[in-house]
Colleague: 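Below: one structure in structure tokens.
No hydrogens, no waters, no symmetry mates; every other heavy atom, side chains included, goes into these values. All residue numbers in this chain count up from 1 along the given sequence.
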Amino acid sequence: MTTLELLAPAKNLACGMAAVDHGADAVYIGAQRFGARAAAGNSVDDIRQLCDYAHPFGVKVYVTVNTILYDDELEATEQLIRQLYDAGVDAILVQDMGVLRMDLPPIALHASTQTDNRTAEKVRWLKELGFQRVVLARELSVNEIAAIHLEVPDMNLEVFVHGALCVSYSGLCYASQYCFGRSANRGACAQFCRMKFDLLDADGNELEHQRHLLSLKDMNQSDHLEELIEAGATSFKIEGRLKEVGYVKNVVAAYSQRLDAFVARHPDCYCRASKGHCTYTFTPNLKKTFNRGFTTYFLHGRQPDVFSPDTPKAMGEYVGYVKEIRRDSFNVAGTAAFANGDGLCFINQKRELEGFRVNRAEGNRLYPHEMPRYLHAGMALYRNNDQEFERLLSKQSGERKIPLVMHLRATDNGFSLSADGVEVCITCEHQQAEKPQRENIFRQLSRLGGTPYKCSRVELPDDFNYFIPSSLLAELRRRLVESAVFEGRRCRLQGSKVSPSRVEGAAFAGQRYGLPYLYNISNRQARVFYEEQGLSDMIPAFEVSRPRGEALLMQCRHCLRYSLGCCVKHGGGKPQWKEPLFLRLGDGRRFRLDFDCRNCQMNVYAAD
């Protein structure tokens with residue numbers, strides 16, 4: 001039986017609890033420091049509360065400790081990991097290999113996507129080091145995932161299925177550090193890839209003017225979960241540790257329903273990794289939650305239309321087109337229903353996203369607070385804020401309950417109640433009932449409001465004919481719930497002792513490109529680790545010692561030559577420009593593009 005896990009992001013405790021309520025099998029969250037989203041930190045006490053809430057459902061809690069570390073942070077990092085283990089955390093996500101030389105408790109280690117996991121060779125190496133899971137690069141196709149699974153079948157593979165996409169392979173992006181002194185490997189990415197650029201040829205001719213040429217659409221694999229499962233992935237990760245609770249509720253519910261439907265079709269082969277059944281007060285709809293438009297990225301190989309050059313902001317759902325405009329209103333051709341306060345947007349004649357708020361909606365005639373200047377008949381219209389949908393999500397919108405079949409029987413000196421592998425007993429005298437008790441017994445035992453459980457039925461022996469006072473039934477019920485909750489909190493993943501001893505075949509992207517700073521070695525323990533792996537050509541991480549000359553800042557599978565229709569290898573026309581091409585920021589800084597066609601990759605270099 002293969003276990004499938006839906007892994008949800010949590011910005012904070014409230015988001016984590018909402019993820020549990022709406023169907024997550026696991027939640028990943030950041031601690032106060034050392035997570036790859038510096039703006040999404042949480043106290044150890046909040047993480048402990050999340051563990052206590054999640055574990056009765058069998059939901060795991062993973063904490064991101066996936067930044068590179070400096071020497072003066074090593075002791076604090078080791079102390080934090082011990083505190084997280086004591087708080088009940090099931091696993092930590094790691095980037096810095098210096099962590100493997102720490103004296104760690106037996107906590108499971110997951111190799112973060114920041115470790116650039118795109119080959120079977122890398123995955124095997126991480127497994128032999130003691131990692132229990134690898135988070136694969138977002139860029140991998142379903143065939144590449146299947147090939148890795150075939151080569152390393154006993155490694156747990158986690159894949160991203162939804163949310164924002166980094167244009168560079170994770171862990172190998174230094175553009176934010178280079179331009180703004182904010183390290184993506186330290187959780188402080190300035191989102192260089194969402195900025196506007198000019199595209200210049202070698203002679204300085206401007207091919208594109210002020211467009212978001214590196215900004216990708218958001219990933220959405222909701223229709224392709226079965227393919228990913230068949231390829232060997234077992235954990236399905238939703239991106240979004242900076243997203244608000246409404247995003248978490250909607251996206252988790254949508255993917256949970258998809259996984260439930262798949263398991264229902266294959267009940268003998270697959271099951272969910274946690275317990276409980278979720279009910280919702282809304283109908284999940286991925287189009288209604290923040291998105292830049294959707295793409296399956298490289299799931300089936302290189303695809304057109306993966307980037308969003310006109311805007312890095314949320315487009316939302318298509319709701320129709322502008323049919324007719326009056327002085328203070330317009331009507332929409334489409335089937336969508338509108339509400340006062342809806343947020344709408346369109347791409348204007350300047351190829352920029354323009355948004356406005358609906359002041360009043362009368363059917364499909366909309367009255368904006370102020371008529372948009374560039375709105376014209378025939379324009380496509382999108383809704384990036386649905387007031388009615390947000391109202392539903394702002395309330396309690398999901399409930400999760402674990403169904404229990406309770407078994408009540410008489411013992412030699414009292415009664416026992418059992419369910420879900422837990423049994424409790426009370427001592428009391430047996431009294432024969434003068435009238436049937438089954439209805440009262442079920443009524444008393446099924447009063448489980450405020451707990452993670454609901455009673456689906458109570459089973460009694462055929463000859464059961466005892467009177468049990470309601471107070472004793474309530475005591476049995478209370479003890480059963482307490483024991484079940486305790487048992488759920490007690491059970492968690494146990495990590496194996498990691499071994500930083502040398503493993504043969506540790507080839508990385510850094511060796512391919514002859515750039516040792518791609519190992520991201522930023523502390524003495526990481527340096528010793530790589531020395532033990534046999535690496536001799538070492539220089540400090542980009543963040544510690546900025547490389548001289550023309551530095552490689554990004555490695556991207558997204559390729560502008562292809563996206564602009566000029567990749568001959570994939571059926572495009574022959575480029576008319578003279579290469580090399582350059583990206584230019586608004587402040588004049590330029591970045592050279594190198595098209596590595598052998599690896600079907602675009603590299604971005606610092607040119608100035």
Side-chain angles (χ1 to χ4, degrees), residues 1-6 20-25 52-60 256-257 259-280 398-492:
M1 182 74 75
T2 301
T3 301
L4 305 178
E5 176 188 273
L6 177 60
V20 175
D21 291 342
H22 289 74
D25 299 299
D52 287 345
Y53 188 80
H55 285 165
F57 296 100
V59 174
K60 306 301 182 186
S256 184
Q257 288 183 338
L259 280 180
D260 280 345
F262 175 81
V263 169
R265 295 195 300 272
H266 308 277
D268 297 329
C269 301
Y270 298 94
C271 65
R272 295 290 295 273
S274 61
K275 301 180 290 186
H277 175 72
C278 297
T279 56
Y280 311 110
E399 183 179 58
R400 182 171 186 161
K401 294 291 184 180
I402 301 170
L404 295 180
V405 177
M406 296 186 180
H407 302 269
L408 180 65
R409 66 180 181 86
T411 62
D412 291 341
N413 58 354
F415 297 94
S416 81
L417 182 66
S418 62
D420 203 23
V422 175
E423 182 177 17
V424 296
C425 299
I426 58 169
T427 300
C428 65
E429 295 183 0
H430 292 166
Q431 300 180 49
Q432 291 295 314
E434 296 180 357
K435 57 182 180 180
Q437 294 293 304
R438 291 177 181 266
E439 184 176 331
N440 182 60
I441 289 171
F442 179 79
R443 183 168 58 250
Q444 295 298 328
L445 294 181
S446 62
R447 290 178 175 174
L448 296 171
T451 76
Y453 308 101
K454 68 176 181 180
C455 180
S456 56
R457 70 179 186 274
V458 177
E459 293 191 349
L460 306 173
D462 292 338
D463 59 352
F464 192 94
N465 188 35
Y466 298 102
F467 169 76
I468 307 176
S470 295
S471 60
L472 292 183
L473 289 170
E475 177 67 13
L476 275 171
R477 182 189 69 230
R478 182 186 65 79
R479 290 186 188 180
L480 182 72
V481 168
E482 288 180 352
S483 297
V485 169
F486 175 79
E487 189 66 22
R489 289 174 178 168
R490 189 179 65 84
C491 296
R492 65 169 173 175

Colleague: Could you walk me through whether Arg272 and Ser256 pass the side chain to side chain donor-acceptor pair (under 3.5 Å) test, one step at a time?
Modeller: CA-CA 9 Å; Arg272 295 290 295 273; Ser256 184; 3.3 Å; yes
Colleague: Looking at Gln432, I want to see if its CD is surrounded by more than 12 non-hydrogen atoms of other residues, nucleotides or ligands under 6.0 Å.
Modeller: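 Correct, the count exceeds 12.
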Colleague: Looking at side-chain heavy atoms only, is the closest gap between Ile468 and Gln437 below 4.5 Å?
Modeller: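 The answer is no, as the side chains (C-beta and beyond) never meet within the 4.5 Å cut-off.
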Colleague: Okay, side chain of Lys401, backbone of Thr451: is any donor-acceptor separation there less than 3.5 Å?
Modeller: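 Checked: pair present.
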Colleague: Quick one: does Val424's side chain get under 4.5 Å of Glu482's, heavy atoms only?
Modeller: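 They are not in side-chain contact.
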Colleague: Parallel, tilted or perpendicular for Tyr466 and Phe464, by the 30°/60° rule?
Modeller: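 Rings of Tyr466 and Phe464: perpendicular, as their planes differ by over 60°.
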Colleague: Flag the pair Arg478 and Glu475 as a salt bridge only when some basic side-chain nitrogen lies within less than 4.0 angstrom of an acidic carboxylate oxygen.
Modeller: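 Yes.
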Colleague: Taking all atoms of both residues into account, what is the closest heavy-atom pair of Glu423 and Ser416, and its distance?
Modeller: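 The answer is OE2-OG, 3.1 Å.
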Colleague: At what distance, to the nearest 0.5 angstrom, does CG of Leu460 lie from CZ of Arg438?
Modeller: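 Reported to 0.5 Å precision, the distance equals 4.5 Å.
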Colleague: Does one side chain, of Ser418 or Arg409, offer a donor that lies under 3.5 Å from an acceptor on the other?
Modeller: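 Ser418 vs Arg409: no donor-acceptor pair found between side chains.
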Colleague: Is there a donor-acceptor pair under 3.5 Å between the side chain of His430 and the backbone N or O of Asn413?
Modeller: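 No.
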Colleague: Distance-only, no hydrogens or angles: does the Ser456 side chain make a donor-acceptor pair with backbone N or O of Leu404 under 3.5 Å?
Modeller: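 Yes, because the side chain of Ser456 sits within donor-acceptor range (under 3.5 Å) of the backbone of Leu404.
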Colleague: Got a second to check how far Ser446's OG is from Ile441's CD1, nearest 0.5 Å?
Modeller: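 The distance works out to 11.5 Å.
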Colleague: Give the minimum heavy-atom separation between Leu473 and Leu445, together with the two atoms involved.
Modeller: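 What the structure gives for the nearest pair is O-CD2, 3.5 Å.
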Colleague: Looking at side-chain heavy atoms only, is the closest gap between Asp25 and Thr3 below 4.5 Å?
Modeller: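 Sidechains of Thr3 and Asp25: no contact.
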Colleague: For Cys455 versus Leu448, what's the shortest heavy-atom pair and its separation?
Modeller: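 Residues Cys455 and Leu448, closest heavy atoms: N-CD1, 3.5 Å.
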Colleague: Between His22 and Tyr280, what is the shortest heavy-atom contact and its length?
Modeller: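 Where His22 meets Tyr280 most closely, the heavy atoms are O-OH, 2.8 Å.
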Colleague: Between His266 and Tyr270, what is the ring plane arrangement, given parallel below 30°, perpendicular above 60°, and tilted in between?
Modeller: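 Judged by the thresholds at 30° and 60°, the geometry between His266 and Tyr270 is perpendicular.
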Colleague: Answer whether the closest heavy-atom distance between the side chains of Tyr453 and Val485 falls below 4.5 Å.
Modeller: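 Touching, per the 4.5 Å side-chain cut-off.
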Colleague: Report the distance from atom CG of Leu408 to atom CZ of Phe442, rounding to the nearest 0.5 Å.
Modeller: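 Answer for the CG-CZ pair, Leu408 versus Phe442, is 13.0 Å.
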Colleague: Taking all non-hydrogen atoms of both residues, which atom of Asn440 and which atom of Ser470 are closest, and how far apart?
Modeller: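 Of all heavy-atom pairs spanning Asn440 and Ser470, the closest is ND2-OG, 3.7 Å.
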Colleague: So do the side chains of Leu472 and Leu476 get within less than 4.5 Å of each other, counting heavy atoms only?
Modeller: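 No, side chains not in contact.
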Colleague: Calculate, to the nearest 0.5 Å, the distance between atoms CG and CG belonging to Leu417 and Leu480 respectively.
Modeller: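 Leu417 atom CG to Leu480 atom CG measures 5.0 Å (nearest 0.5 Å).
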Colleague: Do Ser274 and Arg400 meet the criterion of a side-chain donor-acceptor pair at a distance under 3.5 Å?
Modeller: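 Their side chains do contain a donor-acceptor pair, which is all the 3.5 Å distance test asks for.
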Colleague: Using atom types as modelled and distance alone, determine if a side-chain donor or acceptor of Arg479 lies under 3.5 Å from a backbone N or O of Cys425.
Modeller: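 Side chain of Arg479 to backbone of Cys425: a pair is present.
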Colleague: If I take atom CD from residue Glu5 and atom NZ from residue Lys60, how far apart are they, to the nearest 0.5 angstrom?
Modeller: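 Those atoms lie 9.0 Å apart.
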